[in-house]
There are 4 protein chains.
Amino acid sequence: MNPRLPDLRDRSDARRPKGRPRSHEAHVAILKAALSEVHELGFRALSIDSLSVKSGIAKTTIYRRWPNKAAVVMDAFFYEIGPGIAFVPCEKSVDSIQIQMQALAKAFRGKFGPLIKALLGEAQFDPELAEAFRDRWIAPRREAAKAVIRDAIGKEELRSDIDLDTTIDALYGGLYYRLLIGAGPLSQAYVDDLFRHVMGGLRPRSRKGSRQA
Amino acid sequence: MNPRLPDLRDRSDARRPKGRPRSHEAHVAILKAALSEVHELGFRALSIDSLSVKSGIAKTTIYRRWPNKAAVVMDAFFYEIGPGIAFVPCEKSVDSIQIQMQALAKAFRGKFGPLIKALLGEAQFDPELAEAFRDRWIAPRREAAKAVIRDAIGKEELRSDIDLDTTIDALYGGLYYRLLIGAGPLSQAYVDDLFRHVMGGLRPRSRKGSRQA
Amino acid sequence: MNPRLPDLRDRSDARRPKGRPRSHEAHVAILKAALSEVHELGFRALSIDSLSVKSGIAKTTIYRRWPNKAAVVMDAFFYEIGPGIAFVPCEKSVDSIQIQMQALAKAFRGKFGPLIKALLGEAQFDPELAEAFRDRWIAPRREAAKAVIRDAIGKEELRSDIDLDTTIDALYGGLYYRLLIGAGPLSQAYVDDLFRHVMGGLRPRSRKGSRQA
Amino acid sequence: MNPRLPDLRDRSDARRPKGRPRSHEAHVAILKAALSEVHELGFRALSIDSLSVKSGIAKTTIYRRWPNKAAVVMDAFFYEIGPGIAFVPCEKSVDSIQIQMQALAKAFRGKFGPLIKALLGEAQFDPELAEAFRDRWIAPRREAAKAVIRDAIGKEELRSDIDLDTTIDALYGGLYYRLLIGAGPLSQAYVDDLFRHVMGGLRPRSRKGSRQA
DNA sequence: GGCTAAGCGAGACGGTACGTCTAGTCTTGGG
DNA sequence: CCCAAGACTAGACGTACCGTCTCGCTTAGCC
């Protein structure tokens, strides 16, 4: 996504780039400054200038590595959240999904909520940021979710005729909807409710003719 | 939502406000300029300055009526969309829901998609805008949806033990999710899929142990 | 000077102007507000808007009577200073001059100093104001001074070959110079010094060849 | 006077200031634009915005160096007038004074008149500008004048009991008076007249009782 | 009492400039 | 090639006044 980002993988065998190597301290200092700023003042109040002053790193250096403040904050976000919210294996795979949804909602309620709101808000105006967010945050989690769902289907915990993507949207759409639109709380009870509604469906069970079109 | 907006309701009996009345032409000129700008260049490129130049209305006049460009664009959005997407009565109420979801998705795919994306994106940073958007866009539609869902429950098209808000989130969350995150197309097929998944539930029907709390 | 000013002279015989007569209360209210503002905040901080708010008189009314704030303040100045600094008759006419110079310096040191500085400062950019100030403030005082100087020449207190205008400039120039440039205090001692230097001349008395070119 | 101005003195030995050095071209471009504007349109019509457009220098750059337009124009004034009006040595020191007075009056009549009027007019509202004008324009000339007057006293061309400051005020006050108040022309004849009156004094020579304190 | 004419209060309007802010780039010296 | 420092271009921001205008209402003289 971001060609300016350093490749942090070990490349002892690769040829060293010419000139003075980039300072890792500078990198971390900026990310930490970004996190502190974004948590204290919010994304909008954060500027590359303020970042430069706060971190003691020259503006030039920041621009050498990131194209704009959204990219910095995105990296800072991943720096802080690390591997992020994962699926923990459960006996029943659907439990694993429910637990992960609760973990995600908890993150939304906590310090990551504003960060994700800001990144997604900004992404509405910045296609590159949007793509990066999808690639680095959304996609991995969806892939993991798909694996779990496939598992659940295999164990006959879920219907065999469902579409993976649509299923994920039905389950998680509500969470992001509430995060971004704020029409209601993201409480534990709500997450359970949402999970139950989607899992059980809205149509009456007793009805015979309840085959969907 | 916006106390600066003139109350345009008929008040032939009420006493006229003092001073020179606000110009309706100016009002409309600004909204039209805003629409044109936001459709052509996008929300970010739109500025109050450019709006002023384009509409021929002084900047001060714009600021006298709206606190910032987001508020202008919001009004412009409602000016254009008018009453918006409504529920058309159907024999089966669930059909009415599905049709409305398709209409919403169509609006998202059309010229209103970028507008709503921009407004919701901006709302992540502007609590007042967020509230206004909820009050003027989200809430009315949710209320209408609730009425239809209640109808459907009454006709036993939907289960009687569902929660209205959660139901709405389950149905519409996916639409906003796709709009805002862009993880996939908002096609007709997708909307039908989503509707079917949520209506029918994810759990196998044949299974006896399909407990729901 | 100001054609918008009402002619306040009695004209019982003259035909009354048509329409609603101008309010004298409004007139005075504005002048008093202007004086209060200019003394408290200075000329620059005073605006027609603030004047309107402070006096409770509509902006339109102010503009109907004065072309700009400088004209208002000028009228306010004369409203406050009234007939102003006059020459008091003395046995020796030169004493009358010296006393009047002291009175003027005292006014400069007091509350009229900032007012006159402001009016003269503004007059550098506003030819009409400059002309009005000359006509209403400078000219009458110069005329009075000329009369006294003529008297003094008649009494042989002053040389008969002096030019009236140049004489006035020589005596008063220093006062305005100090007021406007602030190169030194306008103390009593200074005024006496200035008077003495100009009266006695700079050239040594003993010298024979001290006929001026 | 203006701490934002770069110190242009040679400091080959001194350490260079950090960062990108200020552009001399920009500096000169702004001053030239200011002179052109102030001569063509006058001080009031000149704005930092117009200066920016005319000079092609960004507004921020101008504000980085000067606090307001008066400060720019003041610098432009000195940029144009250079060392300014100096005293040329004459056999008789009083002649040197008279010649310098004529030179000053000529400058007042020429293109520098409006500039000085504007600066002094503005200085009535801006104490910092007033101080700067005194320090950079008034003071040096007064110092030079004092030296010449001391010379003249030494040569017995002037009385030994005169006060230097008062003497200067008596001679030059009239020039600034006419410049700022415009009560009469600043002609060559007027300057000679003024000089003669002050030099010779106003009191009759023949009179015995021409007491001076 | 109605008519005409002007004054008045209120506040909207077009317009100009202000001084500040942020973005992102460029230019120094030095590592 | 990196880094710190800070100047630079560009342009939007939101505010302050300016002087004008457009209303409804008031206050006078005149018919």
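Just the heavy atoms: all of them, side chains too, but no hydrogens, waters or symmetry mates, feed the values below. Letters A, B, ... mirror the listed sequences (proteins, then strands); counts begin at 1.
- Look at CG on Asp126(D): it is 11 Å from P on dG19(E), rounded to the nearest Å.
- Put simply, NE2 on His27(D) is 11 Å from P on dC8(F), counting in whole angstrom units.
- Put simply, CD1 on Ile62(D) is 13 Å from C1' on dA10(F), counting in whole angstrom units.
- A straight line from OH of Tyr63(D) to P of dT22(E) spans 17 Å, rounded to a whole angstrom.
- Formation of a donor-acceptor pair under 3.5 Å by the Lys69(B) side chain with backbone atoms of Leu46(B) is found in this model.
- Atoms CZ (Phe43(C)) and C1' (dC17(F)) sit 13 Å apart, rounded to a whole Å.
- Residues satisfying the side-chain contact (heavy atoms from CB on, under 4.5 Å) criterion with Val53(B), sequence neighbours excluded, are absent altogether.
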Checklist outcome for this item: Contact string for nucleotides 11-17 of chain E, one letter per nucleotide 5' to 3', B = base within protein heavy-atom range under 4.0 Å, S = sugar-phosphate only, - = neither, reads BBBBB-S
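- With hydrogens and angles disregarded, a donor-acceptor distance shorter than 3.5 Å links the side chain of Asn68(C) to the backbone of Ala71(C).
- In this structure, Trp66(B) atom CH2 and dC13(F) atom C1' are separated by 18 Å, rounded to whole Å.
- Side-chain atoms of Thr61(C) do not come within 3.5 Å of backbone N or O of Ile57(C) as any donor-acceptor pair.
- For the pair Asp49(B) (side chain) and Ser52(B) (backbone), a donor-acceptor distance under 3.5 Å is absent.
- When the side-chain hydrogen bond (donor to acceptor under 3.5 Å, both in side chains) test is applied to Arg44(B), the partners found at least two apart in sequence or on another chain are Glu122(A).
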